Each structure stands twice: as structure tokens, then as C-alpha cells.
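Remember, predicted model here, so these are calculated numbers, not experimental data.
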Amino acid sequence: MQASTCSAHGVSLDQIFKARHRIAGQVTRTPLVLSRPLSERFDAEVYLKLETLQPTGAFKLRGATNMIAALLERDGRDALARGVTTASTGNHGRAVAYAASRLGVPAVICLSRLVPANKVAAIEALGAQVRQVGASQDEAFMEVARLVEQEGMTLIPPFDDPLIAAGQGTIGIELLEDLPELDRVIVGLSGGGLLGGIGAAIKGVRPAARVSGVSLAEGAAMHASLTAGYPVEVDEVESLGDSLGGGIGLNNRCTFELVKQVMDDHCQVSERAIAQAMVDLLEHDKILVEGAAAVGLAAMAQGHLDVRGERVVLVLSGNGVSLDTLDQARRCAADGPRG
């Protein structure tokens, strides 16, 4: 594989290979497995990329590890002596906590006071300090800003940074090694770090392969931004695929342009389709996934993506689902509105 030149968004194939070197030994090289039930159902070779097997249960570990390791490499350990910080109750918070601990860097994860004690304990168990402030995630982010500005900590953003996207892009390198003739990769689309990174890797080596994005039916900030032609805000909605909610930032500096460059097509999926896909993956492939990880299958099942005859990869991005949420998905799949 040859490295491409750097693009304006800062995520080149060369940067993704550097990320791969940095995260080696810190992040799991996850397996790519053929799903026989899905292959038969869709008349295609359907492969599953199991990011559910990362130590923290999701792909976010790649980007967080790459960014912290790159900052250590570039600026030295003294530059991160005050630590790193972010605000997240989910996959990103766990990833930063785990990566910082493994790399010997202090970490503070900011959460609102409404976050349940079990989530606080789970992040603390990964080696980070948890600081609970305010009654909303917005207030938690205000504390992150204060830690950066007043205490000299370093922000590890959830998606909008070339180092984060390059770390996620290491998935694309693994896909090309395991399935060199892949025709399509289907990725959940939210802030764009995952799809953008994977797309940069795939397009840098195999331009003919398609990169398909899948968003929620409502509250899809990247979709709305791409439609408008610039970053916009949207109202968040409750969803089984809540990891795909949230904004992309009105001052987005990386992932908006990256997604525009590498994504070939895009669709949105209903709540019932997400629920059914979660149930199908558990019942037929014996894989437990969160809603955001099931949207690729949901898109295929709704007929948005015709993959007949293709070698197609579904990126199963994470397993952060509780038993209560799984029960909710079962009920939605059985009784929810179709469409």
C-alpha cells in the first residue's frame, strides 16, 4: 500500500499508517468474520468487523489512543503532565480513561451529577478521575473548558480532530488486509470520525470501493449539515442509536470536509429497523451490539442499500447496550411503527 498526500482536513493514508504504528499493542486488531445468515439473506458476502471486542467495547479506543500517543511523541511527556480531559458518559469517556491509563497520562472525565453511579464507577475503574458538575452534559463540557484554560489540561475531542479520525481509520487498513477485494463498507455516521477515517483508508488504496454512511432518521447532524452545505445544529432525540446523536460543531474543522470527500452514499434508518437489526444480530449471529452498531444492517434490511453480489463489510462499532435497552429493542422490533 502506498501513502497518499495529505488533504486539507489533515487525514492522509500516511497519517493512518502512523496511527496504526502508535496504537499497536494498545488496541485490539479486531477480527473480520463472514456472516453466513446475512450472506444468504442478502445474496452477498456479508462480513462483520467486530469492534465490539475492543477492551472498552467500542472503536473509540483507536482514536483516543492515537491522539494521546501522538501528543506524547510530538510534545513530550511534560506537555501532558497536567493530564487530558473530555466529557462523555459513553464510549469516548471510557476510551480516553483506558488509553490515558495505559499510556501513563492523568485523565479527568467530566460528567453531570445526573450520571448514574454505575457509569461513574465504570470510568473510574479504567483509571481516570471523574469530576461531576452541573445538571447537564453542557455544564460538564463547561468544566472541561475550564480545565483546559485554567489548569492546562489537554482536550481529547470525540471526533473532530485529524488524530482521532486517523486512529479510527486503522479499521480501514485492517479491512483491506483481511478482505483486499472488498466492494463496500457500511458505517454509522454521526460526527464523522469513524466513517471519515475508514473512508480515507479505503479510498487511499481501493478507490472503487464504496463507503456508505447510515444515520438516524431524526437528529442526524452530519446529514443535515451535508444537506445544508455547512455545519448546522439539530435537536437531539431519544434513540436506540443514541451514540449517533449530537452535533458536529458549528466550527467543525476536520470531519465535515472529510466525510464530504470519502462518502459515496448515505441513508437514514427508522427506530424499528435499528431495533430489528439489534435483535437479528443477537439471534442469528450471536453478537450483542448497541443500536449505533446495528444501523448498517438496518439500512440493508430497509432496502436502502442494494448489496447483491458484493463483498460488503458492516462495521459493528460497539457493544454498549444494557439488558433494559435490549428489552426495549425487542419490544420495538415486535410492536413499533414500521418504516
Side-chain angles (χ1 to χ4, degrees), residues 1-6 9-33 47-77 79-80 83-84 86 91-107 126-128 154 156-159 161-180 182 185 187 193-206 254-255 258 262 293 313 315-319:
M1 298 179 186
Q2 295 182 344
S4 65
T5 57
C6 186
H9 45 64
V11 186
S12 65
L13 190 57
D14 179 64
Q15 289 299 325
I16 296 171
F17 273 106
K18 288 179 179 177
R20 178 191 174 121
H21 177 73
R22 289 190 194 104
I23 71 175
Q26 306 292 332
V27 172
T28 299
R29 190 193 190 289
T30 56
L32 182 69
V33 299
Y47 295 84
L48 308 176
K49 180 62 170 170
L50 303 183
E51 286 298 291
T52 52
L53 298 181
Q54 290 295 348
T56 57
F59 75 95
K60 289 280 191 180
L61 186 58
R62 294 175 183 264
T65 300
N66 183 53
M67 184 165 187
I68 297 172
L71 293 175
L72 288 170
E73 179 184 292
R74 186 187 71 191
D75 302 327
R77 190 161 292 277
L80 293 185
V84 297
T86 197
N91 293 333
H92 181 61
R94 291 194 295 272
V96 172
Y98 182 93
S101 178
R102 289 290 300 267
L103 294 170
V105 174
L126 293 171
T154 298
I156 307 299
F159 57 87
D161 189 280
L163 289 170
I164 296 291
Q168 323 304 24
T170 59
I171 295 172
I173 300 300
E174 293 174 15
L175 295 181
L176 291 165
E177 290 176 339
D178 292 344
L179 190 64
L182 72 86
V185 58
V187 190
L194 179 62
L195 183 144
I198 292 175
I202 297 294
K203 294 297 186 179
V205 176
R206 187 169 167 78
C254 171
T255 57
L258 180 58
V262 303
V313 174
V315 178
L316 303 189
S317 52
N319 64 11

Take Leu103 and Leu80 through the side-chain contact (heavy atoms from CB on, under 4.5 Å) test and state the conclusion after the steps. CA-CA 11 Å; Leu103 294 170; Leu80 293 185; over 6 Å; no

Please report the interatomic distance CG(Leu175) to OH(Tyr47), rounded to the nearest 0.5 Å. 11.5 Å

Donor-acceptor contact present, side-chain Ser12 to main-chain Gln15, <3.5 Å: yes

With a 4.0 Å cut-off on N to O distance, would you call Glu174 and Lys49 a salt bridge? yes

Evaluate side-chain contact (heavy atoms from CB on, under 4.5 Å) for Ile68 paired with Val84, printing each intermediate quantity in order. CA-CA 8 Å; Ile68 297 172; Val84 297; 4.2 Å; yes

Taking side chain as C-beta onward, heavy atoms only, is Cys254 less than 4.5 Å from Val11? yes

How far apart are the closest heavy atoms of Pro162 and Gly10, and which atoms are they? CB-O, 3.6 Å

With distance as the sole test, does Arg20 use its side chain to make a donor-acceptor pair with the main-chain N or O of Ile173 at under 3.5 Å? no

For a quick test of reading the model, state the closest non-hydrogen atom pair linking Gly83 to Val105 and the distance between them. CA-CG1, 4.1 Å

Are the side chains of Leu126 and Ser101 in touch, meaning some heavy atoms are under 4.5 Å apart? no

Given Thr154, which partner from the list Thr86, Asp75, Leu71 fulfils the side chain to side chain contact (heavy atoms under 4.5 Å, CB included) test? Leu71

Within the 4.5 Å heavy-atom criterion, are Pro55 and Leu61 side-chain neighbours or not? yes

Does any N or O in the side chain of Gln168 come within less than 3.5 Å of the main-chain N or O of Gly63, such that one atom is a donor and the other an acceptor? yes

How many angstroms lie between CG in Leu53 and OG1 in Thr30, if you round to the nearest 0.5 Å? 7.0 Å

Does Asn91 form a side-chain contact (heavy atoms from CB on, under 4.5 Å) with Thr56? I'd like the steps, not just the answer. CA-CA 7 Å; Asn91 293 333; Thr56 57; over 6 Å; no

Run the numbers on Lys18 and Thr170 for side-chain contact (heavy atoms from CB on, under 4.5 Å), then give the verdict. CA-CA 9 Å; Lys18 288 179 179 177; Thr170 59; over 6 Å; no

What is the minimum heavy-atom distance between Leu258 and Ala200, and which atoms define it? CD1-CB, 4.2 Å

Would you kindly say whether Tyr98 and Arg102 are connected by a side-chain donor-acceptor distance under 3.5 Å? yes

When you check the gap from the basic side-chain N to the acidic O, do Glu51 and Arg62 get nearer than 4.0 Å? yes

Please find the pair of heavy atoms, one from Thr255 and one from Gly193, that lie closest to each other, and give the distance. CG2-N, 3.8 Å

Looking at every non-hydrogen atom in both residues, tell me the closest pair between Val205 and Leu176 and how far apart they are. CB-CD1, 3.6 Å

Measure the shortest side-chain to side-chain distance between Leu194 and Phe59 over non-hydrogen atoms and say whether it is less than 4.5 angstrom. yes

With heavy-atom distances below 4.5 Å as the criterion, would you say the side chains of Ile164 and Ile156 are in contact? yes

Do side-chain atoms of Arg77 reach the backbone of Gly104 as a donor and acceptor pair under 3.5 angstrom? yes

What I'd like to find out is whether the side chain of Glu73 reaches to under 4.5 Å of the side chain of Arg22, using heavy atoms alone. yes

Can you find a pair of side-chain heavy atoms, one from Met67 and one from Pro157, that are under 4.5 Å apart? yes

Any non-hydrogen side-chain atom of Val187 less than 4.5 Å from a side-chain atom of Ile171? no

Heavy atoms only: give me the nearest Ala166-Ala19 pair and the separation to one decimal. O-CB, 3.7 Å

